[in-house]
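Every chain is numbered from 1, with letters handed out A, B, ... down the list of sequences.
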2 protein chains.
Amino acid sequence: MTAKRILIVEDEKAIRDMVAFGLRRAGYEVREAEDCREARARIVDVRPDLMLVDWMLPDMSGLELTRSLKRAKDTEEIPVIMLTARAEEQDKVGGLEGGADDYITKPFSPRELLARIQAVLRRAAPAGAADVVEADGLRLDDSSHRVSAGEREIALGPTEYRLLHFFMTHPERVFSRGQLLDRVWGGNTYVEERTVDVHIRRLRKALEPFLLERLVQTVRGAGYRFSTRDA
Amino acid sequence: MTAKRILIVEDEKAIRDMVAFGLRRAGYEVREAEDCREARARIVDVRPDLMLVDWMLPDMSGLELTRSLKRAKDTEEIPVIMLTARAEEQDKVGGLEGGADDYITKPFSPRELLARIQAVLRRAAPAGAADVVEADGLRLDDSSHRVSAGEREIALGPTEYRLLHFFMTHPERVFSRGQLLDRVWGGNTYVEERTVDVHIRRLRKALEPFLLERLVQTVRGAGYRFSTRDA
DNA sequence: TTCGCTTGTGACAGTTCCATGACAGGGCTC
DNA sequence: GAGCCCTGTCATGGAACTGTCACAAGCGAA
């Protein structure tokens, strides 16, 4: 695997340099941008595998930049980690909802940053990049955020949607509740494992009126599996 | 792939518990040891895929433990991550030179620990880590947790599944009931040896409708063997 | 053959695991 | 603020699984 390219968008040179230094030492290829305008220009030719975006930027907030990236087809898959000086939960949530894949609060250690970068890259990697996933009669269009079975549209809550999306992009594999929490809820949430059961149930309840088979299967003692073949 | 086994060697119960909790949630199988002596004992029956070793232990430094593990043929491949309270670069180097595959400084976040564990395991994974085991007409796919003979899928309970998986990955070898308890049930469970008989029977009962030969064979006075050649 | 020991088998009770419905709190919209 | 949706947690009931036992069957040696 070639070195992953990371684009840093940060106006303070001191921080940029420090981060860039740390990342280069860790084997990443690093590009820098001072503001959103420059960032946009760089994205095209650099095609970064991941972006680090400062919350506060001179021309436009990093959150906006992120949001707009996530809206555009050709950039939405680039994972974004927000750098923020504000520690308030409020902002963190905002960062994630804006489409950031993770956030990290200044001051942070190079090590913490590296850990998060690795985690985010790993999470992003296996995704088949496909926008539409289909299985059996089920169809999930990630760009429009719609799920349908045949002609009928299926309404799902946010969590059920993410869960289904994860399952459909990783079919025929068993995931433990813990793994699902990590990969669907996100690595640093603390939620009971049983909660997964409940959302599985909600997902099934939403899907099964439209389907003949049970696509989300229980594997006793192991977890759940999405499969079009019957168990 | 079955859950990876991780052995934690750490004398402080609080830390051990916290780490174990996080790891279990992430889908790992966790065993614990308080000191080097106990660790050595556990290694034999647990056969961990990775070890987390505290730097400071009551009976011997974790560094020494690591060093000695790396010197022994049968344990040298087990990746080791050192947990250390000392942040000095000095020690980090020492840890790595001692043969540790990575180190992490307390306090660390669960996420960081997970990231490092995954990184280390990925590095250690022997490239083509086969998820699928086949023998005769039998096929066991560990990632989807399915067992099948030809087209037909075979339903197994958790214990029978683990038992079969163990047998299929260790064919043509006789295991005593005690060994099976150690390696299938786990090193520190207390169960009657005759219980193994019962599960063997359940496994046979599940398999034999689909197979011509008896794959799980009894070796009188010694134990059981999985073999495609008839006895 | 008979005895002694090992293994197979069916039954059973306790436990664990999972599905399900209910519910309270939080956030958002109007 | 009222109403609505979403979320996480809990209690419950039932199904599946587990470990043990008692007895039957098998095997080997004398």
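Between A:W185 and D:dG8 there is a side-chain N or O to OP1 or OP2 distance below 4.0 Å. In this structure, A:T218 reaches the C:dA19 phosphate: one of its side-chain N or O atoms is under 4.0 Å from OP1 or OP2. Regarding contacts with the backbone of C:dT6, every side-chain N or O of B:R220 stays at 4.0 angstrom or more from both OP1 and OP2.
Salt bridge annotation for A:E172-B:R146: present, with a cationic side-chain nitrogen under 4.0 angstrom from a carboxylate oxygen.
The shortest side-chain heavy-atom distance between A:D35 and A:D11 does not fall under the 4.5 Å cut-off.
For B:Y224, the listed nucleotide lying nearest its side chain is C:dG8; candidates were C:dC5, D:dT20, C:dG8. For B:P158, whose side chain is taken as the heavy atoms from C-beta onward, the closest listed nucleotide among C:dA19, D:dT18, C:dT7 is D:dT18. Of the candidates D:dT18, C:dC18, D:dT9, D:dT18 carries the atom nearest the B:T159 side chain, counting heavy atoms from C-beta on.
Side-chain to base pairing of B:R202 with C:dG8: no donor and acceptor N or O lie closer than 3.5 Å to each other.
In plain terms, the two heavy atoms of B:L156 and B:Y161 that are nearest each other are CD1-CA, 3.9 Å.
Here B:R194 lies in heavy-atom contact (under 4.0 Å) with a base. Within 4.0 Å (heavy atoms only), A:E160 reaches sugar-phosphate atoms of the nucleic acid but no base atom.
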